[in-house]
Every structure is written in structure tokens, then in C-alpha cells.
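The sequence lines fix the lettering, A, B, ..., with proteins before strands; numbering per chain opens at 1.
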Amino acid sequence: MDYSFKEIEKKWQRYWIENATYKVTENPSKPKYYVLDMFPYPSGAGLHVGHPLGYIASDIFARYKRLKGFNVLHPMGYDAYGLPAEQYAIQTGQHPAVTTEQNIKRYREQLDKIGFSFDWSREVRTCEPEYYKWTQWAFIKMFNSVYCNLCKKALPIENIISVFEECGTEGLNLACSEPMTFTAEFWKSRTEKEQQEILMNYRIAYLADTMVNWCPQLGTVLANDEVINGVSERGGYPVEQRKMRQWCLRVSAYSQRLLDGLEKIDWTESLKETQRNWIGRSEGAEIRFYLSPDPSPQERGEIPENPSREMLENPKGWFKNTTDENNWKFLINIAKDFRSNQTEAENELWQAIRAKKIGYKIRRQHIVDGFIADFINLEKQVIIEVDGGIHLTTEQKERDKQRTAILNQFGFEVIRFTNEEIFDNVQNVALKIKDYLDKVPSKRTATTPLSCGEGSGERSFVVFTTRPDTIFGVTFMVLAPESEYVSQVVTPEQKSEVDTYLDATKKRTERERQADRKVTGVFTGSYAINPANGVEIPIWISDYVLAGYGTGAIMAVPAHDSRDYAFAKHFNLPIIPLIEGADVSEESFDAKEGTMINSGFLNGLTVKEAIKKAKEYIAENNLGKVKVNYRLRDAIFSRQRYWGEPFPIYYKDGMPYTVALEDLPIELPEVDKFLPTETGEPPLGRAKNWKYEKYPLELNTMPGFAGSSAYYLRYEDPHNDNALVSREANDYWGNVDLYLGGTEHATGHLIYSRFWNKFLFDLGIVGKDEPFQKLINQGMIQGRSNFVYRVKNTNTFVSYNLENKYDTTEIHVDVNIVSNDVLDIEKFRAWRPEFADAEFILEDGKYVCGYAVEKMSKSMFNVVNPDDIVEKYGADTLRMYEMFLGPLEQSKPWDTNGIDGVHRFLKRLWGLFYKGDEFVVTDEPPTAEELKALHKIIKKTAYDIEHFSFNTSISAFMICVNELATLKCSKRAILEPLVIVLSPFAPHIAEELYHALGNTTTVCDAQFPEYDEKYLAESSVKYPVSFNGKVRFTLDFPADTQAKEVEKSVLENEQTAKFLEGKEIKKVIVVPGKIVNIVF
RNA sequence: GCCCGGAUGGUGGAAUGGUAGACACGCAAGACUUAAAAUCUUGUAAUCAUCGCGAUUGUGCGGGUUCAAGUCCCGCUCCGGGUACCA
């Protein structure tokens, strides 16, 4: 009987299904082990030979653990939401659910052929309502939670609301979008809608206007990890920056915990390092820089020494650039001056409306866009003007009209009262104001950059630096072009130049900015004062400073920062070295080492000491504060797409509310087309009756990582309709013990998943803080392309080694019609009609192809399908060959050339059991040599599996079977344990032979044999004898020979004298069991 | 630029500081066969050689530690991956 793998594999695959061999249930009497693969996105192309690599490795491990007595959870499912299915739907009209279903079916067929031990009864698909119910549920939980920086965990929002009611923000430190402080009174006086707006600032899932990566071709926003080099990860389309209102997840709140958690888990150092870099913690200080005061308008001669009040009320008329607020300080002074010199009517009204007498906070003499408004309510952006005598002139009326129009443009409404009305009945005027305010919807909660109230007259900005020690070397400041500070510091003289620069910057896409790294920038005209030494330093704008990091402003130290250095050289700004011996004539000295000079009180300290001292100085002198910054940004969670989870959110009065938990899931609706609506709304805008209790539902859907962030928990309890996972199931299965997948998820899925899990941990839903205890990255399988060489302008092809004698073009040829780099000429002729009459110049009667390692893709004709390999060699051969290819974590090209060796090994193993049709296994007792071969493989396999060194254990199997074949061993006592040890690698043949040996249960329920050191002991040791490190001959000694005796007998050996060449021995080293070295 | 890997025969790759090249592919020779496939046996790092004794060199390059280095240390070169004006 031959090794007929086809029948065997079909037979046992059926048996495993019929006997539910791989179904697992919680079993407290056994220790658990959870082995997980990153679940695949079922693409239309199906699996290629690279996909199963990780699955095979994890399957070997799972089967091994089962043999070792563990209750192994080894599930599989599909990450079924995603862009490709939707893009395909847009092109063809085919519903993504249909193509996804087809692709899943195809994946399943392919997976089933390889003999995995997945428990398919636990399958999950992210696009199924029973599954995404729990994605939506988690989102609601995040919406209803805030992150407390003091207790370092998520808390229910109700707890925080009750604190707001009692003491406002006092004593709280919550993760938020914008820092806010308010009192209990303030909170209580807000309308429900206003309270909702405030809460949005704190929610873990929140709605915000943020700069997003907008991809016009895909018609959606993308997360940072979905953008690579300025183009989309999927499709490679350009991405631009745009401000949009989007759902976000406050991942940044967990930065420190995500960093700390890395210490507790068993991941490769390189992967942890990638995550550390992505989180990007940097310790430093925030330092406040005050602007150097501008010359007053009088000093500049722009206005008369003693302007009339009439002029001052309308500074816009003669300040050329009041919107730029460069005359801020002057205006503030005027406003202050006005306040103490109010007109009688103004004073009367002020007394009637001040201190919330009418229920609204009113400010007086407030600067708005260069105008000084008499009274203002900021919240509703309503300005109240009191018109005295001067307002009665025609000219002034015209000016007032213009002024009102300008203020309206900025969203302010203006109501006017005359002196007479006020004197007549001030209470009546107050009431009118109140009525007016009641009717106007509130517009805002924070102060607008266009206005400035009492007390905020001093202009300053804050920078973040990790090198506070270099403060004495700050020779200029740089603002990001998008910085809020820009408008505050630009002088009238520089305005047009700055505007030109800002426009140019805006036009450049992210990609262009990255492509050319030219030094660009513009001077604002303003100066700041160095808080350490009082020196005036110019303020510049440049796009090398990013608005999104730190405060969007930096203090530039060209001597010790390479980017600042390049900028300083380009614009000829001063460079002051601060470290002794640092040569900054050619480049900056960025290293944090050396002794400080030119640095006042820091002189003589080392850089490290200086950093510490500078921080202390900054804190003590109130110049700023010590600060830790993280690069990690909040995750943007909205996608303007169809094929994703709908949000369980509806809008009432413009504010979002969550759907009741019992109404989950909110199912994805049908739409007529998978495109945005005519009005530019996302595809869900096309859904009919897309409402919840008459209120409109959210039109965005969730991104790809939503469904993949907690899927490992669902496997633990996949059919539970009452919880994501029950506490009992989670207590038993815990977190994933071994997670296998590609490195490409290092900064996406593996961050989001950890964040999601930590959030659920805070809520007490899961018991483990980290989701994946051990993680292994399998290497990528690259393609190995083959080439034929066509002689130019002919239909003649020349073999690889003769190719250089002709003028040829290289053509990719389908690797499936090439074997060991030899072309199958008949198949080649049939492959393409134009090659049907091709002629060939051969070498040694063969056509040899060239080869190259490239990405595996259809266009390179180098895709190898696992089905074809299974068809030709069987699943066991495929499994073992993929493992034999090389170390699991290493990337390597797929090369079918070596597969015969593995297949031969299985046939040789088969040959130990069957000679012809006869089953030749006997019950004879084994010899010592046979036992040694067996116990060697038991020991080696166990060690190698635990160290994920599968390629070496397969070598060991080959050695073992070669040895047994040489010994002609067909003894049950050897072969039965061998089959069990082999079964994780080649389960089909193992199952067949295990049953052939008379067993009636599956080999999966066998016990992994224990090795016994006594069978491994060698009776004799072969000592290499070396002279000055060079091995010359070997000598055999009984294993228990003492070192002294070995030395003696080596020295007495006649060969020793020969190699000594009569020289004197200086030293003899005998390493017991290893080697002898004679030094002379 | 920074961080992380890696570099060993014609090829994939082995090697707790102790005989470098296990195991496999490929190739060559042989056996079986009318022949081919399959299978089995032998050989296969390079150079020299009085090609069945042997010798020399050899793990990207240059140093070092050690009785002994592919392995440890220092300095480079090249290749692969990740990441980036992150202050």
C-alpha cells in the first residue's frame, strides 16, 4: 500500500468533523490554553501560500498543547467589514454582503484542506449583527465613560456628572479635548444641551472637529495608521488634511498604561519598540514666552496723541489691521480707560444688567475684532450698544452700520439702545435685552480668538521642549503655520508676506511636504522675550513645526537641534553653542552629552544635570511646568462609508444620544447605491427611514479596526446574547496565551485592541489588563518570480545562462509552469497564444528560467495557491514544507523547489509501517539504538515547539526516520510514540498510522510522550584533539573517562608527537565531553 | 536621519564560546528499468595536490578578548523591515 495522501486526508478530515474532534468547552479540571491567529480579511483573491504560514505554526502549537494535557481554545473567524468589498460594490453594484459571503466560503474551503484544528463552532464574522451588536455596545460604553487621570482608569459618566453638580471641575483631572474649569453653579445654570456639549469634551468616545486624513478618492477619512507616506494604505490614493466633525476614541488617555503594559507581556523587543515609538512619550517642559511689547500706535505715529472718544470707539476706521490684533495692548488700554470713564447712560445700564441680574453674564468694553463693544454676552455672541450724542450724526450712523455688518460677519448680533431709552426706563431696556438673549441660541462655550476680555491683555505663548537646558541658546521661535498664535503675532508690515506663505503651505499636500524637505519660513515681525535672560528673539513661521504636536510652537536652539540648525543657516539667524567643545560650524550637536557653557546658572553642569536643574528653575520661577507629551493621537472613528458597523447614535436637537442597549444591534440598512448622496452625505444618507424613535441616526459607519478590537473575547463565548463574554467564560479562558500574526498590525490593531481591552478591564467586563500575553510575528512569504528571455523582435526564447549573448527582453512567466527553474515548454506554448509557435535556445536540453524575489502578486505571475500544493503533495507535505522553509519569524521567498524532500520524508515514514501492501509493524522489544533515536526526537520536538523553531524539528524528524530506516526498525514501541510526536505537524498521516497501530480514538487525545535522559546517554565520547585551536584528529574515550586520563592518553598518543613538531607544550585544556586543545 | 533585524556552500538553512556547513534542494556518478518516472546507494565549501595521502583558506569588511569566535566586544560596509521635520 502506497502513501495515498489524498484518500487519507479526505478520510480524516471527515472523521474530525463527524466526531467534533476540535470542539472545546470550558473544563475547569484541565488547564486552559488559548492560541489565536489574527483573523483574515476575506479578499476576493483567496488564500495564497503565504497566508497559512502563521496558521500552520499556531496549529502545531495548539495540537502540541492539547497532547500535553491542556484544554486548548483555537478559534477562527473573519474580519469581514472592509474597503475592498465596498469598492467592488461601487464598481459592480454587487452587495458587499454577497461578495463577502462568497469570499468567506472560498477561504473556508481552502482552510479546510489544510487540516487545521480550529473549533469552527466558535466562528465569528464582524459583519454579522449578532457580532457587531457588541461592537456597538462597547461604543455606547465608551460614549458613557470618561477617563480619570488621577485613578488612571475609565469611570462611568454619571459619577462625573454628580461631581460637576456638587463642585464643578474642582478636584477633578479628566482626560479631555480642551482644558475647562467651571463651578457647580456654572454647571447647574447650563441648559441640557450646553451640558451635553461640555460632557462631549470628556467622553472616551466623543464627537469633535479635528484635522483628519481625508482621502477624496475613497470618499472617507482614514486613521493615522491607515495612511502610509501620505497615501492611503488601501489603494494608494492621495490623502489631504481637512477639518471635519468626527467620532473619536480617546486612546491618548491610555498612553501611559499602553506603554507600561508592554513591560508585562512577552512580545518581541522590536515590536514593543515599534509601539513605544508610536506612543512616543517624551519628557520635557512647557515654557511660557511673553511677546516683546509693540510700539504703541502713538509711537508709530498712526494716531493723534489725544484721540477723541469718537475715534476710539471705531478704531477699525483708522487701525489698518486690527483683525490681526497687533494693536491689542493699545486697545486693551483704551478699553480699560473707557471702563473707568463710562458715560452716564452706560453706567446706568451696567448697574441694571451686571452680575447676572438678567440671568446672563454680560461683559463691558470688550474688544471684538478691533472694536470695543459697549456690552457683550459671549455665550450667545450678542453685542449691546449704547448710542450717545455722537451716534446721531449721519457719518457716524454710516460707520455704525458698517461696524454692525462686520460684526455680523463674525457671527455677532448687535442690538442698540439710545441714551434716551436708558434714561427713560432702564429696567425696561434690561428686560428687552433678556428677552432678546432668551430667543438667541447659544453659539459657543469658549472664548473666540477674535475677542478678548478683561485681564487677558498680556500676549504670550507656550512651547514644549525636551531640552529646557538649552534655553540660553534660543535664538528664535517658530510657530506652525496652522498655529492659533499666528494671527496674534503678525505685524502689519509682515502681514502680506505671512499670508503668501500660509497660502502656499495650505496648498501643499502632506505628501508634497514630505517629498521635498526644503527649508521654508517667514518672519512674523514680532519678538518674544527669552524668560531666562530677557533677550529679544524673533518669531518665525515654518512648516517644519507641526501644529498637532506639543503646542504647535517651539523655541529654536540651532546649535543643538539639526532642524533648527538648517533653518538658522538658511535665514542667517544666530547660533549660540551651549556645550563645551561642540563644533557647530558645520552641523548642530544634538547629543545629550557634554558640559554646559554660555548658559548662566547652568554653566559647568552636564547636560543631564542641566535638564534637571532647568526644569526646577522653570517650575520655581513660574515660567512653565514640567510636562510629559505623547505622540499617540486619539483614533478617528468615523468613516464615510457603507460597509461597516452603524453607530448606535441618533441626533436630537443636533446633539448625539445613544440608542437604548435593548434595541441593539442597529442593523446596517439597505441602500440603492453604495455612493455618497447628491448632497455629499455618506451612503447611509440613502437609507430609507434611517431613524430611531423618529430621530435621525448617525450616517457615518465605524472603521475597520472597530470589529477586530475585541474579537478574541467573543470567541470565548460566541453565542452569548446577553453579554460580549460572560464573566465565567472570561474567567476560565482569560486572555490569549499565544497570538500569531503579521508585523503590519504593530501600530494599528495591536494598539487599538490593547486600548479596547484596557477599557473593558476598567469596566470590569474582562479580568486581564492585557489581551495578548505572548505574540509571535510570522515572517512574510515573498514571491519568487521566474523569467524567460525573449530575443528582441523575434519569437525566440533563450535559456538563462545563454541570455547575455543575445539582446533580450525579460518576461515574467507563470511560476506554476516552471519546476526547479526549468520551464515546461509545452505548458508555456499553451499559456499564451502569442507564444504557441515560440522557439527555444536550450542549455543541456533544458530551458532554464531566471528568478527574482518580489512581492507575491498576480501581475508578477508568482502567486502559488495552497490548493495546488495540497492537490499535488497533500496537506501534510504543505504544512511541513512551510515550516521547513526557515525560521518562522523570518521573511523568505516561497520556493517550491525543496518540497520534494519533505514529501519523500513522509513516504519514508510510511515505509516503516508498510512494505508493499503488508503492514509490518511488530511488537518486538526495541534496541538501545532505536530508543535513543526515539527519545532524541521527543526531546528535540518538545524543545523546538516551545521555542517556535519548527524548521529544526522537521530536520530532526528526517534524521530520526533516516536512522530508523537504516536500523530497519518497524517496532510499535518506537513507531507509536513517534506518530504522536509527529501529529502536530502532519496530523493526517499521523492519524492514519495511529489507527493502523490499532488505536480507535483520535491521536489528538493521546499523550505527548515523555523523554527519558537514560536512553540518550552516550557510551563513548569522541574527542577532537586540536593543536593551537586547529583540530588534527579525534580519539574515542568511554563516556566516564576522567579529564586527567584523557589528557594523559592524548599526550601519549603517537599522533600528538607528530603535530607538536618537537615543540614544548605550554598548556593542555580538556573540556570534558567536548574537546582537547594543546597549546604550544 | 533614528530604531529594529540580517549577512554562513550553487540554493533554503543548521550550529548552549568547543570538529562550521546538520537537514533538505539542486547537481554528478551508480543500482533497478527496454526506457522514463519513482526508489535506493555514493559524492558534493573553495583552492592546491604526487585528485583514495593530505595541506591551506573559509561564516560581509577591519580590529580586539579568549587555550578556542559564525557566536562575545569595538569600528565600518551592504541588504531587509519599521518610523519620521514629534521639538
Side-chain angles (χ1 to χ4, degrees), chain A residues 2 228-229 268-278 280-282 284 463-468 470 478 480 513-514 517 519 542-546 548-557 560-564 566-567 590 629-633 743-744 746-747 777 779-780 782 784 820-822 844 851 853 881 884-887 889-905 907-908 911 949 951-960 962 965 1022-1034 1066-1080:
Chain A
D2 284 340
I228 293 165
N229 289 331
T268 60
E269 202 43 47
S270 74
L271 183 56
K272 287 190 194 179
E273 196 59 25
T274 304
Q275 290 220 337
R276 282 188 202 113
N277 291 339
W278 190 259
R281 179 189 158 104
S282 46
V463 303
F464 175 73
T465 178
T466 54
R467 295 290 302 274
T470 59
V478 190
R513 273 207 210 181
Q514 275 172 8
R517 205 50 74 83
V519 177
S542 175
D543 66 1
Y544 84 88
V545 175
L546 306 177
Y549 185 76
T551 61
I554 61 157
M555 55 177 232
V557 186
H560 303 291
D561 181 286
S562 51
R563 296 151 303 174
D564 298 344
F567 195 83
D590 291 15
N629 260 345
Y630 298 91
R631 197 187 82 107
L632 186 67
R633 304 261 75 90
T743 10
E744 64 272 22
T747 52
N777 289 124
M780 265 227 305
Q782 295 145 309
R784 188 180 188 279
N820 287 332
D821 292 335
V822 176
D844 302 333
Y851 70 89
V853 174
Y881 184 59
F884 188 59
L885 225 41
E889 297 183 66
Q890 190 174 304
S891 283
K892 56 234 159 188
W894 175 266
D895 179 354
T896 316
N897 290 351
I899 198 165
D900 289 315
V902 171
H903 193 63
R904 266 174 221 151
F905 155 75
K907 280 202 257 186
R908 229 171 282 151
S949 177
N951 56 328
T952 52
S953 47
I954 290 170
S955 297
F957 275 119
M958 291 171 170
I959 295 168
C960 177
N962 289 348
K1022 191 191 262 182
Y1023 279 89
V1025 181
S1026 56
F1027 294 80
N1028 284 344
K1030 276 183 189 152
V1031 177
R1032 294 301 179 179
F1033 59 93
T1034 60
K1066 283 187 188 149
K1067 202 173 174 187
V1068 178
I1069 291 140
V1070 179
V1071 183
K1074 294 278 188 200
I1075 200 167
V1076 178
N1077 193 14
I1078 297 168
V1079 187
F1080 61 88

Quiz prompt | Short side-chain N/O contact to B/C4 OP1/OP2 from A/R276, under 4.0 Å | solution = no

Quiz item: Is any side-chain N or O of A/N777 closer than 4.0 Å to OP1 or OP2 of B/G5?
Solution: no

Quiz item: What is the ring orientation for A/F1033 with A/F1027, classed by angle as parallel under 30°, tilted 30 to 60°, or perpendicular over 60°?
Solution: tilted

Quiz item: If you look at every heavy atom in A/S282 and A/T466, which pair is closest and at what distance?
Solution: CB-CG2, 3.8 Å

Practice problem: Measure from the side-chain heavy atoms of A/E273 and tell me the nearest of B/G13, B/A87, B/C3. | Solution: B/C3

Self-check item: Separation of atom CZ in A/F464 from atom P in B/C85, rounded to whole Å
Solution: 17 Å

Practice problem: Identify which nucleotide among B/A87, B/C3, B/C23 has an atom closest to any side-chain atom of A/M958, counting heavy atoms from C-beta outward. | Solution: B/C23

Quiz prompt | Donor-acceptor pair under 3.5 Å, A/K1074 side chain vs B/U16 base | solution = yes

Quiz prompt | Pairwise P distance, B/G26 and B/A38 [rounded to whole Å] | solution = 9 Å

Quiz item: On a plain distance test, is the side chain of A/N1077 in donor-acceptor contact with the base of B/C67 below 3.5 Å?
Solution: yes

Quiz prompt | C1'-based separation of B/U44 from B/C23 [nearest Å] | solution = 15 Å

Quiz item: Taking only N and O in the side chain of A/K1067, is any of them less than 4.0 Å away from OP1 or OP2 of B/C67?
Solution: yes

Quiz prompt | Spacing of the C1' atoms in B/A15 and B/G21 (rounded, Å) | solution = 9 Å

Self-check item: A/Q890 or A/I954, whichever maps to the more 5' nucleotide of RNA chain B
Solution: A/Q890

Exercise. Determine the interatomic distance between P on B/G60 and the same-named atom on B/A55; round to the nearest Å.
Key: 26 Å

Quiz item: Counting only side-chain N and O atoms of A/N951, is one of them less than 4.0 Å from OP1 or OP2 of B/A14?
Solution: yes

Exercise. Quote, to the nearest angstrom, the C1' distance that separates B/C53 from B/G58.
Key: 23 Å

Quiz item: Do A/D590 and A/S562 get their side chains close enough for a donor-acceptor pair, meaning under 3.5 Å?
Solution: yes

Exercise. Using a 4.0 Å heavy-atom cut-off across all strands, classify A/S955 as base, sugar-phosphate, or nothing.
Key: base

Self-check item: A/K907 side-chain N/O to B/U39 phosphate OP1/OP2 under 4.0 Å
Solution: yes

Practice problem: Classify the nucleic acid contact of A/P887 as base, sugar-phosphate or nothing, counting any heavy atom under 4.0 Å across all strands shown. | Solution: sugar-phosphate

Quiz prompt | Among B/A14, B/A84, B/U19, the nucleotide that comes nearest once only the side chain of A/R631 is considered | solution = B/A84

Exercise. Tell me whether B/C72 sits syn or anti, counting syn as a glycosidic angle within 90° of 0.
Key: anti

Exercise. Would you please enumerate the stems RNA chain B participates in, each stem being three or more consecutive Watson-Crick or G-U wobble pairs with both distances under 3.5 Å?
Key: B:1-7 with B:77-83, B:10-12 with B:23-25, B:26-31 with B:39-44, B:45-48 with B:54-57, B:60-64 with B:72-76

Quiz item: In terms of the angle between their ring planes, are A/F567 and A/Y544 parallel, tilted or perpendicular, with boundaries placed at 30° and 60°?
Solution: tilted

Quiz item: Between A/R784 and A/R1032, which has a closest nucleotide on RNA chain B that is more 5'?
Solution: A/R784

Practice problem: Could you check which of B/C23, B/A87, B/C4 has an atom nearest any side-chain atom of A/F884? | Solution: B/C23

Quiz item: Looking across every strand, which nucleic acid part, if any, lies under 4.0 Å from A/N1028 by heavy atom: base, sugar-phosphate, or nothing?
Solution: nothing

Quiz item: Looking only at atom P, what distance separates B/C3 and B/G17, rounded to whole Å?
Solution: 26 Å

Nucleotides 40-46 of chain B: which of its N/O atoms have a protein N/O under 3.5 Å away?
| residue | atom | partner | partner atom | Å |
| --- | --- | --- | --- | --- |
| B/C40 | OP1 | A/R908 | NE | 3.1 |

Quiz item: What distance, rounded to whole Å, do you find between the two P atoms, one in B/G18 and one in B/A69?
Solution: 11 Å

Quiz item: Which one, B/A14, B/U83, B/C23, comes nearest to the side chain of A/I959?
Solution: B/C23

Quiz item: Which listed nucleotide (B/A14, B/A87, B/G18) is nearest to the side chain of A/S282?
Solution: B/A87

Self-check item: Atom of A/T1034, atom of A/K1022 and distance for their closest heavy-atom approach
Solution: CB-CG, 3.9 Å

